[in-house]
Amino acid sequence: MLKRGAGQVANQGSIVGYMFFPGVLGTPALAPARGVGCSGSMKRALIFGLLLATFAPAAQASAATIRAHPTRSTVLLGGSSDIVGDLHDVGAGSAGMPLELHVSAYPYSRVSVVQGLTGSDGSFDFRVKPDRRTRYRVVSRGPSPGSSGLVGVIVRARIRTSARALPLGRVQLSANFRHPADLRWAHRRATWELAPLGRSRLRVVAHTRSIDVARGLTRVTVTLAVPAGRSVYQACFRAPGERALVTARARCGGVAVTGRFRAPAGFPSPARVSHAARFMAHRRGRTAFAVIDSQGRLSGVHVHWRFVSASVVKAMLLTTSLRKLSSHRRLDGGSRSILYPMIHVSDNNAATAVWRRVGDGALRRLARRAGMTDFSISGLWTHAQISAADQARFFFEMDSLIPRQFRSYARYLLSHISGGQSWGIPSVGRPRYAVFFKGGWRGTVLGQLVHQIARFERGPLRFSLAVMTDGDPSMGYGIATIRGVAARLL
């Protein structure tokens, strides 16, 4: 360490008429200087004083007073601070006194020494650049020993965070930690917690493992499905030497990072969904609707209520039949002869023929693959039980569920249903959107049942809607309910 601005000044003291002799016990003794006259009484006093000084116990040397403090008690990794202060020594003076800076880094098991000098006014300044928590003490090695109290400098890890929005309501969160190269922070189990902004309670949403990007650089990252709007998060992991550096303040302890991000809302917006919900609340019958917005988030009213499917399940029968034929390059004439009327005019006899080919088991497997949790079937296809959430999810995932070679055929069927059955959602959505849909209707013990499910496309925009009603006073009333919900969403 270089001492900045410290001069060396020699202080030499003298006592007029006296000279110094070493005492027997290491204590200086006084005697008259040569050429100075003394009376008899004065000589006797001097001799008596000499004897007292010779045989008296040695007096302790006065200790130097050292004050020290850091200019910055907390620094970012790679930054510096100064240990500054002053030395005050009454007996020997304060200028040019030799000093030692004792340095002990976490875990404080070793001490290194840096030499320095005081300046002309007794001040000192040691520039330090710690890479972890470090304690310092300034010690005088001059005629009068002394030391300062312990002073510490805390080092904060360099942390760089990022939050990147991904399609379908997901976000990728990452944090890079810069730390001393001798610390090993890789392969540690990291816990991620999340909460909407403004809520104090975080909940655990994922666990990942830390990785070393380079020596002294550790990264944790996670990809999550998140709600729209602002959220806060924290990630923590335990690692050797974690207390060497300060990271974020988090209740989970260890090496930690906190942050916030904003996830974009999809279409239809939450405000539009609320508008549709208020409309449906005033409609008669047993009603539900579900939206999978363009970010893949589910919302709606009574989304998991179960209803009798009626002809809505025919879209699932179409997909199941095409999956059964996935080993074929082309559809045979027999398959086309029953699939086309089943969808185009909702022919029940064709649906029964398809159902006999595929069976209930194939429909259940398709439901599991699509992520449907409320679907059930036992007996004839008309008895299938469905929910708005399941059907909205099925239509949203439609393209990925249909074999590639038959995808265009299925999309054609579901977008060219006969005009007499293109009421409700397609009448509202066209021509702004390409609409792929299927409806169903029948009488029940509650009254009239009317359902409709659709997928909307416009450029890169994709979303789906399922509206289900039962106990309607008439089919026209059910259609008006479906149309009203769609109009408020679109």
Side-chain angles (χ1 to χ4, degrees), residues 292 306-418 420-422 425-426 434-442 451-457 462 464-466 468:
I292 303 291
R306 290 186 177 187
F307 293 79
V308 176
S309 70
S311 292
V312 166
V313 78
K314 292 173 182 176
M316 293 181 65
L317 286 169
L318 169 66
T319 303
T320 304
S321 179
L322 295 176
R323 290 176 65 86
K324 187 177 181 66
L325 298 170
S326 60
S327 61
H328 297 203
R329 295 183 60 186
R330 296 181 181 179
L331 286 176
D332 59 276
S335 297
R336 289 177 180 269
S337 68
I338 56 176
L339 293 176
Y340 180 80
M342 179 181 72
I343 300 300
H344 185 66
V345 294
S346 199
D347 185 274
N348 290 337
N349 292 330
T352 301
V354 172
W355 171 72
R356 286 174 176 165
R357 286 186 179 186
V358 300
D360 291 350
L363 287 170
R364 294 191 191 100
R365 288 191 293 272
L366 175 65
R368 287 193 296 269
R369 188 175 184 88
M372 301 164 67
T373 59
D374 305 314
F375 179 81
S376 66
I377 185 170
S378 178
L380 193 63
W381 59 268
T382 57
H383 298 155
Q385 295 285 313
I386 61 175
S387 69
D390 279 358
Q391 290 301 305
R393 177 66 62 190
F394 173 74
F395 267 71
F396 189 83
E397 303 288 350
M398 180 183 75
D399 280 358
S400 66
L401 298 170
I402 299 171
R404 185 181 299 274
Q405 67 270 35
F406 305 139
R407 195 170 296 161
S408 60
Y409 177 70
R411 287 169 61 86
Y412 175 82
L413 289 183
L414 292 170
S415 60
H416 288 79
I417 291 174
S418 67
Q421 297 180 14
S422 296
I425 294 173
V435 184
F436 306 87
F437 69 99
K438 186 69 187 80
W441 58 96
R442 58 169 286 182
H451 300 332
Q452 203 168 56
I453 296 89
R455 170 187 170 102
F456 301 85
E457 296 182 3
R462 304 281 189 276
S464 62
L465 168 64
M468 298 187 171

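Count residues from 1 along the sequence. Excluded from the calculations below are hydrogen atoms, water molecules and symmetry mates; all remaining heavy atoms, backbone and side chain alike, are included.
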Completion exercise
Heavy-atom nearest pair, D390 first then D374, reads OD2-N, 2.6 Å
Exercise for the section: Examine distances only and state if a side-chain atom of R393 and a backbone atom of M372 form a donor-acceptor pair shorter than 3.5 Å. Expected result: no
Fill in the blank from the handout: Heavy-atom nearest pair, S311 first then W381, reads CA-CZ3, 4.3 Å
Problem - Test item: H451 side-chain N/O and V308 main-chain N/O as donor-acceptor pair under 3.5 Å - result: yes
Problem - Side-chain donor or acceptor of H344 paired with backbone N/O of H416 under 3.5 Å - result: yes
Exercise for the section: Work out which heavy atom in R442 is nearest to a heavy atom in T382; give both atom names and the distance. Expected result: NH1-O, 3.7 Å
Handout entry: Exercise: do K438 and S346 side chains pair donor with acceptor under 3.5 Å
Key = yes
Exercise for the section: Using modelled atom types only, decide if a donor and an acceptor are shared between the side chain of S422 and the backbone of I417 within a distance under 3.5 Å. Expected result: yes
Handout entry: Q452 side-chain N/O to I425 backbone N/O, donor-acceptor pair under 3.5 Å
Key = yes
Problem - Closest non-hydrogen atom pair between R306 and S376, with its separation - result: NH1-OG, 3.8 Å
Exercise for the section: Return the minimal non-hydrogen interatomic distance between F375 and I377, and the atom names on each side. Expected result: CE2-CG2, 3.9 Å
Problem - Side-chain donor/acceptor of Q405 to backbone N/O of S326, under 3.5 Å - result: yes
Exercise for the section: Just jot down the side chain to side chain donor-acceptor pair (under 3.5 Å) partners of N349, sequence neighbours excluded, or say none. Expected result: none
Problem - Check ion pair D399-R455 (N to O, under 4.0 angstrom) - result: yes
